[in-house]
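Predicted, not measured: the structure shown is a model, and the values here were computed from it. Only this structure's heavy atoms are used, side chains among them; waters, hydrogens and symmetry mates stay out. Reminder, nothing fancy here: chain letters follow the sequence lines and each chain counts from 1.
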Number of protein chains: 2
Amino acid sequence: MGRRGPYVCGIDAAMDVVSGKWKSLILWELHHHGARRFGELRRGLPGVSEKMLAQHLREMEEDDLVRREVFDQVPPRVEYSLTDSGRSLNEALRAVGVWGQQRLRRLAEPA
Amino acid sequence: MGRRGPYVCGIDAAMDVVSGKWKSLILWELHHHGARRFGELRRGLPGVSEKMLAQHLREMEEDDLVRREVFDQVPPRVEYSLTDSGRSLNEALRAVGVWGQQRLRRLAEPA
DNA sequence: CAGCATCCTTAAGGATACTG
DNA sequence: CAGTATCCTTAAGGATGCTG
């Protein structure tokens, strides 16, 4: 993660921004549930560590895919949601997801 | 690269198969030029090492994205081309590429 | 030409403990 | 609750040299 260019083309520039074990899943999660808190996101992504989740979210915020809102409360409340750019990227990934489902079906078939 | 499951969803399964610094670019290259030889591919991807190109191609062949054809000649001639599955994946990545081009334009804008 | 083998560096990711 | 900080392991990628 985190080269941010120089990019040789659009795919390159897009893949860079989603490379990271959980990023496409975070996109998906936020798209489906709207604004989510850190802990909710964590529970929605079984296996993710706090470190990676925080790191990915910070990078995605920097890449303008995710918006972070802090509510000044005790206990603290922080909500993450998609920006327009994040939403459109998730949209662009739909066809890829469909392709992946076909792959899953093929993998499930008896060899 | 190379976990090949278990996958939590389609995006996960698809991203796994394109994760690798040059894979989406190889897909693109093969889609545009049709069958290509190892050396042509190498020249078409400035910066790629022989090792990585060979490794990616082997994995993509295993994942049924790429077909490898050996012609029994001297000097040796080996051609790579997309399978149906590879072609459809590349197709699915088009929207992602378009998104990436927008990102490139945004990045190019004066900060 | 089309590669494989080897060694090495860097980066990604995970585990654990701690804090405002 | 929402993180940081630190340490450690693994995996990705690169450089170089050699081979059928």
Side-chain angles (χ1 to χ4, degrees), chain A residues 1-8 12 15-27 29-30 33 35-63 66-81, chain B residues 1-8 12 15-27 29-30 33 35-63 66-81:
Chain A
M1 281 163 309
R3 30 186 282 258
R4 275 111 174 142
Y7 303 119
V8 306
D12 193 21
M15 293 305 291
D16 185 31
V17 125
V18 268
S19 80
K21 197 170 176 183
W22 308 92
K23 288 192 179 177
S24 59
L25 269 26
I26 291 172
L27 242 33
E29 194 74 10
L30 289 180
H33 296 94
R36 296 227 95 183
R37 303 179 60 165
F38 187 87
E40 291 175 326
L41 230 25
R42 184 154 156 56
R43 282 185 293 278
L45 301 170
V48 74
S49 67
E50 288 181 356
K51 179 194 152 189
M52 287 314 298
L53 182 55
Q55 192 175 120
H56 281 180
L57 285 170
R58 265 185 275 117
E59 290 172 356
M60 293 172 80
E61 196 190 351
E62 207 174 308
D63 287 333
V66 161
R67 176 172 21 252
R68 179 173 183 270
E69 265 183 297
V70 183
F71 299 85
D72 197 0
Q73 310 178 350
V74 180
R77 174 189 193 83
V78 179
E79 284 192 352
Y80 294 90
S81 55
Chain B
M1 283 161 308
R3 31 186 284 258
R4 276 112 174 143
Y7 303 119
V8 306
D12 193 20
M15 294 304 291
D16 185 30
V17 125
V18 268
S19 80
K21 197 172 176 183
W22 308 91
K23 289 193 177 176
S24 59
L25 267 27
I26 291 172
L27 242 33
E29 195 73 10
L30 290 180
H33 295 94
R36 296 227 94 183
R37 304 179 59 165
F38 187 87
E40 292 175 326
L41 231 23
R42 185 154 156 55
R43 283 185 291 277
L45 301 170
V48 74
S49 67
E50 288 181 355
K51 179 194 154 189
M52 288 314 298
L53 182 55
Q55 192 175 120
H56 280 181
L57 285 170
R58 264 185 275 117
E59 290 172 357
M60 293 172 81
E61 196 190 351
E62 208 173 308
D63 287 334
V66 161
R67 175 172 22 252
R68 180 174 183 271
E69 265 183 297
V70 182
F71 298 84
D72 197 359
Q73 309 179 350
V74 180
R77 175 189 192 84
V78 179
E79 285 192 352
Y80 295 89
S81 56

J.: B:L53 has an atom CG; how far is it from atom C1' of C:dC1, in whole Å?
T.: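 Atom-to-atom, B:L53 to C:dC1, this comes out as 13 Å.
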J.: Counting only side-chain nitrogens and oxygens, does A:Y80 get under 4.0 Å of the OP1 or OP2 atom of D:dC1?
T.: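 For A:Y80, the contact criterion (side-chain N or O under 4.0 Å from OP1 or OP2 of D:dC1) is not met.
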J.: Taking donor-acceptor contacts at under 3.5 Å, does the side chain of A:K51 reach the base of C:dG14?
T.: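 Present.
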J.: Can you tell me how far P of C:dG13 sits from CD of A:E50, to the nearest Å?
T.: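 Checked: the CD to P distance equals 17 Å.
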J.: Quick check for you: among D:dG3, D:dG13, D:dG17, whose closest atom lies nearest to any side-chain atom of B:K21?
T.: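 Among D:dG3, D:dG13, D:dG17, the one nearest the side chain of B:K21 is D:dG13.
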J.: Rounded to the nearest 0.5 Å, what's the gap from CZ on A:R68 to CZ on A:F38? Could you check?
T.: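 Here the interatomic distance stands at 9.5 Å.
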J.: Hey, does the side chain of A:R58 come within less than 4.0 Å of D:dT4's phosphate (OP1/OP2), counting only N and O?
T.: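 Indeed, a polar side-chain atom of A:R58 lies that close.
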J.: Please name the residue in the list A:D63, A:D12, A:D16 that meets the salt bridge (charged side-chain N to carboxylate O under 4.0 Å, His left out) test with A:R4.
T.: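 That would be A:D63; it is the only one of A:D63, A:D12, A:D16 passing the salt bridge (charged side-chain N to carboxylate O under 4.0 Å, His left out) with A:R4.
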J.: If I take atom NE2 in residue B:H56 and atom C1' in nucleotide C:dG3, what distance separates them, rounded to the nearest angstrom?
T.: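 Between C1' of C:dG3 and NE2 of B:H56: 16 Å.
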J.: To the nearest Å, give me how far apart CD (B:E59) and C1' (C:dC4) are.
T.: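 Interatomic distance, CD of B:E59 to C1' of C:dC4: 15 Å.
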J.: Starting at CZ of A:R4 and ending at P of C:dA11, how long is that distance when rounded to a whole Å?
T.: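 Nearest whole value for this atom pair: 13 Å.
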J.: Map B:R43 and A:M52 onto DNA chain C by nearest heavy atom, then report which one ends up closer to the 5' terminus.
T.: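 First, find each residue's nearest nucleotide; the 5'-ward one identifies B:R43.
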J.: Please list, by residue number, the residues of residues 66-76 of chain B whose heavy atoms come closer than 4.0 Å to an atom of DNA chain C; answer none if no residue qualifies.
T.: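 The stretch gives B:R68, B:P75, B:P76 as the residues lying under 4.0 Å from the strand, ordered by number.
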J.: Please give, in whole Å, the distance from C:dA2 P to B:E61 CD?
T.: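 From B:E61 CD to C:dA2 P: 15 Å.
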J.: What closest approach, in Å, do B:S81 and B:A35 show between heavy atoms, and which atom pair accounts for it?
T.: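 What the structure gives for the nearest pair is CB-CA, 4.1 Å.
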J.: Can you list everything that forms a side-chain hydrogen bond (donor to acceptor under 3.5 Å, both in side chains) with A:R77? Sequence neighbours excluded, please.
T.: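 Once residues adjacent in sequence are excluded, the partners of A:R77 under the side-chain hydrogen bond (donor to acceptor under 3.5 Å, both in side chains) criterion are A:E79.
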J.: Does a side-chain N or O from B:R37 land closer than 4.0 Å to OP1 or OP2 of C:dA2, or not?
T.: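 Checking B:R37 against C:dA2: at least one side-chain N or O falls below 4.0 Å of OP1 or OP2.
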J.: Rounded to the nearest 0.5 Å, what separation is found between the OH atom of B:Y80 and the CG atom of B:L57?
T.: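 So the gap between those two atoms works out to 5.0 Å.
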J.: Check the distance between D:dA15's C1' and B:Q55's CD and give it to me in whole angstrom.
T.: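 It is 14 Å, rounded to the nearest whole Å.
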J.: Applying side-chain hydrogen bond (donor to acceptor under 3.5 Å, both in side chains), can you list everything that pairs with B:R58, at least two apart in sequence or on another chain?
T.: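 Counting only residues at least two positions away or on another chain, B:R58 forms no side-chain hydrogen bond (donor to acceptor under 3.5 Å, both in side chains).
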J.: Measure the CE-CZ distance between A:M52 and A:R42 for me, rounded to the nearest 0.5 Å.
T.: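 The distance works out to 12.5 Å.
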J.: Measure CH2/A:W22 against C1'/C:dG13 and give the value in whole Å, please.
T.: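 Interatomic distance, CH2 of A:W22 to C1' of C:dG13: 10 Å.
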